[in-house]
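Below is one structure; the comments refer to it alone.
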Amino acid sequence: MSDYIIVGGGSAGCVMAARLSEDPSISVTLIEAGPRDTNFYIHLPVGFFKMTAGPLIWGYETAAGREIDGRTMVYPQARVLGGGSSINAQVFTRGCPEDYDAWALDEGCTGWSFKDALPYFKKSEGNDTFVGDYHGNEGPLGVSFCNPHPLTRIFVQAAQQAGLPFTADFNAAHQQGTGFYQTTTKRGKRSSTAVGYLKPALGRKNLTVRTGVFVNRIVIENGHARGIEIIEHGNPSILRAEREVIVAAGAIGSPKLLMLSGIGDATHLKAKGVEVIHDLPGVGQNLQDHMDVDVLAELSGPYGIDRYKKRRWQFMAGLEYTLFGKGPIASNIVEGGAFWWGDKSEKTPDIQFHFLPGAGVEEGIGSVPGGNGCTLNSYHVRPRSRGSVTLRSSDPRDAPIIDPNAFSEPYDLERAIDGIMLSREILAQPAFRPFIRREHLPGDAVTSRESAALFARQYARSAYHPVGTCRMGTGEGAVVDPQLRVRGIEGLRVCDSSIMPRLISSNTNAATVMIGEKAADMIRNGA
């Protein structure tokens, strides 16, 4: 028996396991369904393009989207120690301070304003460049700049020619502008929470880490979470928790586990043959995600990273990395980007851009004629559309039904169009003219906002930033309170990206790490 059982060894789970086990009087067991993070590609920053498919994800797809021409989308969710921090593109952004202030002021999440969250961001951060009011340099999570590819530098120049100011730091008081992303890398390697937080803690006698263990359900007795039922080597057994069960299985896995345990909308659970333990209708609702739209250009020569598809260039890159820890293998590829406005009435930027000096880098994104291309993707950072995660059946092995409900709010589609138009404008600037032969996608097919809307419906995809399905708050629909305790069940918390009441205005991993830090602090302080 352990004091705390943490279900999910992902971005937040590894943080909490490491922080809680700092107290030698507390025993902690961390359960992860996937393997340890021994895969070679995990630790190479460039290796993320290998991670959106394969054995280290759950293999999810979305339901057919009503507003995206009935398409389904691949939906990579990590199944490995370190979770999303082991497979993501390592872009380190936090969103706007206003995002967290809105959690506190508009959603009833007392204690989660930016002023409250900032100490935990700084506590987590081991930044090799910035320190001061907005950054820490002694935390477990390595944060650094890559040496940007020459084409990424051209992008930043082109964005400035399009009217965006240069910014040196996307994670300070203001986010707007164009510049180079910091990444969760350290000395040329990925710095996941499994590496930065968990690895140094593995020698502690009060911490047990079990991988390859599937959790069927949370064991609830008389309204109190007492442990979990697991499957290991094909055999079921019960693990008991003396104090709490902490669910950190992510925005898809956490609501699924709660529902399989009888916590959720009673009507839905009964329809799926699950015994209702606690009627909590908000579980699995409020799914939010960023919807990426990619604009691809064909380059006029081998100026980007596509040349590394050839063996000669691969050998050169491997040699540079082996000898010096530098070069394209030490890059996350997504080195530059921007935040800017589509809707000028918004207080803070509402569109984010990622530039990749290559084409076909991510799962589902095609190549270009001639083989040399670049990609500029964009998404509306504060979507109004809301989706859901629901059970397919009562069988824990069945994937849930994931419905992002993309573009169900017409406002979101309008902002996607803004992103497409701005992307095309940036790629058409003088800085790019010596390097770009032509726009490949959308190309001549888009001549108006109406045709851009059709393109967005046909090509939009998830940016892999799901949140909100175990929403934190105090009102109707909230699943957890501001201390992340599941409403109506004792001894049970959810501590991961699923608790975000609203999606933040950027990539989500840094915020998930912050949630893990703050949750561990609250638990240790008896909140």
* To do: May I have the step-by-step check of side-chain contact (heavy atoms from CB on, under 4.5 Å) for Val74 and Thr52, ending in yes or no?
  => CA-CA 9 Å; Val74 295; Thr52 51; over 6 Å; no
* To do: Examine Tyr379 together with His465 and report whether their ring centres are nearer than 6.0 Å.
  => yes
* So, Glu138 and Lys123, do they make that salt bridge, N to O below 4.0 Å? -> no
* Does Ser385 reach the main-chain N or O of Glu409 with its side chain, forming a donor-acceptor pair under 3.5 Å? -> yes
* To do: Verify, without hydrogens or angle tests, whether Asn405 (side chain) and Ser408 (backbone) share a donor-acceptor contact under 3.5 angstrom.
  => no
* To do: For Ser144 and Arg187, run side-chain hydrogen bond (donor to acceptor under 3.5 Å, both in side chains): C-alpha distance rounded to whole Å, both residues' side-chain angles, the deciding distance at 0.1 Å, then the answer.
  => CA-CA 8 Å; Ser144 65; Arg187 301 190 188 98; over 6 Å; no
* Asked: Strictly by modelled atom types, are Ser86 and Asp37 linked by a side-chain donor-acceptor pair under 3.5 Å?
  -> no
* Taking the six-membered ring for Trp and the single ring otherwise, decide whether the centroids of Tyr464 and His290 are under 6.0 Å apart. => no
* Mark yes or no for whether Asn507, through its side chain, and Thr93, through its backbone, hold a donor-acceptor pair below 3.5 Å. => no
* Please lay out, stage by stage, how Phe92 and Glu125 fare under the test side-chain contact (heavy atoms from CB on, under 4.5 Å). => CA-CA 10 Å; Phe92 182 77; Glu125 185 180 352; 4.0 Å; yes
* To do: Could you pull out the closest heavy-atom pair between Ile218 and Ala225, with the gap in Å?
  => CG2-CB, 4.0 Å
* In terms of side-chain geometry, is the basic nitrogen of Arg524 or Glu22 positioned less than 4.0 Å from the acidic oxygen of its partner? -> yes
* Please name the pair of heavy atoms, one in Asn206 and one in Ser21, separated by the smallest distance, quoted to 0.1 Å. => ND2-O, 3.0 Å
* **N-O pairing of Arg471 and Glu476 below 4.0 Å** => no
* Ignoring hydrogens and angles, tell me if any N or O in the side chain of Asp521 forms a donor-acceptor pair with the backbone of Glu517 under 3.5 Å. => no
* **Shortest non-hydrogen contact from Pro396 toward Leu260** => CA-CD1, 3.7 Å
* Do other residues, nucleotides or ligands put more than 12 heavy atoms under 6.0 Å from Lys199 NZ? -> no
* To do: List the steps, then state whether side-chain contact (heavy atoms from CB on, under 4.5 Å) holds for Asp128 with Asn137.
  => CA-CA 6 Å; Asp128 76 346; Asn137 65 344; over 6 Å; no
* How about Asn171 and Gln182: does a side-chain donor come under 3.5 Å of a side-chain acceptor? -> no
* For the side chain of Ser393 and the backbone of Asp395, is there at least one donor-acceptor N/O pair under 3.5 Å apart? -> yes
* **pair Val209-Arg36: side-chain heavy atoms closer than 4.5 Å** => yes
* Answer with yes or no whether the side chains of Thr183 and Thr185 bring together a donor and an acceptor at under 3.5 Å. => yes
* To do: Would you check if the side chain of Gln175 reaches a backbone N or O of Ala173 as a donor-acceptor pair within less than 3.5 Å?
  => no
* To do: May I ask you to check if Arg415 and Tyr411 form a cation-pi contact, with NZ or CZ under 6.0 angstrom from the six-membered ring centre and within 45° of the axis?
  => yes
* **Distance-only side-chain donor-acceptor flag, Asn286 / Arg386, under 3.5 Å** => yes
Let me check something: any side-chain donor-acceptor pairs from residues 484-493 under 3.5 Å, sequence neighbours excluded? List them with distances.
| unit_1 | atom_1 | unit_2 | atom_2 | d |
| --- | --- | --- | --- | --- |
| Arg485 | NE | Asp481 | OD2 | 2.8 |
| Arg485 | NH2 | Asp481 | OD2 | 3.0 |
| Arg485 | NH2 | Gln483 | OE1 | 3.0 |
| Arg487 | NH1 | Gly475 | O | 3.1 |
| Arg487 | NH1 | Ala478 | O | 2.7 |
| Arg493 | NE | Glu244 | OE1 | 2.7 |
| Arg493 | NE | Glu244 | OE2 | 3.2 |
| Arg493 | NH1 | Gln483 | O | 2.8 |
| Arg493 | NH1 | Ala527 | O | 3.2 |
| Arg493 | NH2 | Glu244 | OE2 | 2.9 |
| Arg493 | NH2 | Ala527 | O | 2.5 |

* May I ask you to check whether over 12 heavy atoms, not counting those of Phe130, lie within 6.0 Å of atom CZ? => yes
* To do: Please step through side-chain contact (heavy atoms from CB on, under 4.5 Å) for the pair Arg243 and Ile26, ending with a clear verdict.
  => CA-CA 10 Å; Arg243 299 189 186 185; Ile26 291 174; 4.1 Å; yes
* Is a side-chain N or O of Ser113 found less than 3.5 angstrom from the main chain of Ala104, in a donor-acceptor match? -> no
* **Lys256 side chain vs Asp398 backbone, donor-acceptor pair below 3.5 Å** => yes
* Structure fact -> Scanning both residues in full, the closest heavy-atom pair of Pro383 with Asp289 reads CG-O, 3.4 Å
* Any side-chain heavy atom of Pro466 sitting closer than 4.5 Å to one from Gln77? -> yes
* Give a yes or no on whether the backbone of Cys96 and the side-chain of Asp99 come within a donor-acceptor separation of less than 3.5 Å. => yes
* Asked: So, Arg79 and Glu32, do they make that salt bridge, N to O below 4.0 Å?
  -> no
* Asp101 vs Lys115, salt bridge (Lys or Arg N to Asp or Glu O under 4.0 Å): CA-CA, chis, key distance, verdict -> CA-CA 8 Å; Asp101 292 342; Lys115 180 184 71 174; over 6 Å; no
* Asn509 versus Ser85, side-chain donor and acceptor atoms under 3.5 Å -> no
* To do: For a side-chain contact (heavy atoms from CB on, under 4.5 Å) with Ile238, tell me which candidate from Val219, Ile228, Ile230, Asn216 qualifies.
  => Val219
* Asked: For the residue pair Leu30 and Gly8, what are the closest heavy atoms and their distance?
  -> CD1-O, 3.6 Å
* Asked: Is there a donor-acceptor pair closer than 3.5 Å between any side-chain N or O of Asp292 and the backbone N or O of Ala463?
  -> no
* Structure fact -> Looking only at heavy atoms, the pair that brings Val389 and Ala251 closest together is CG2-O, 4.1 Å
* Of all pairs that satisfy ring-ring contact (aromatic ring centres under 6.0 Å, His included), the ones with a partner from residues 179-221, not counting sequence neighbours -> Phe170-Tyr181, Tyr181-His354
* To do: Measure up the Trp103 and Tyr100 rings against each other and bin them: parallel (under 30°), tilted (30 to 60°), perpendicular (over 60°).
  => perpendicular
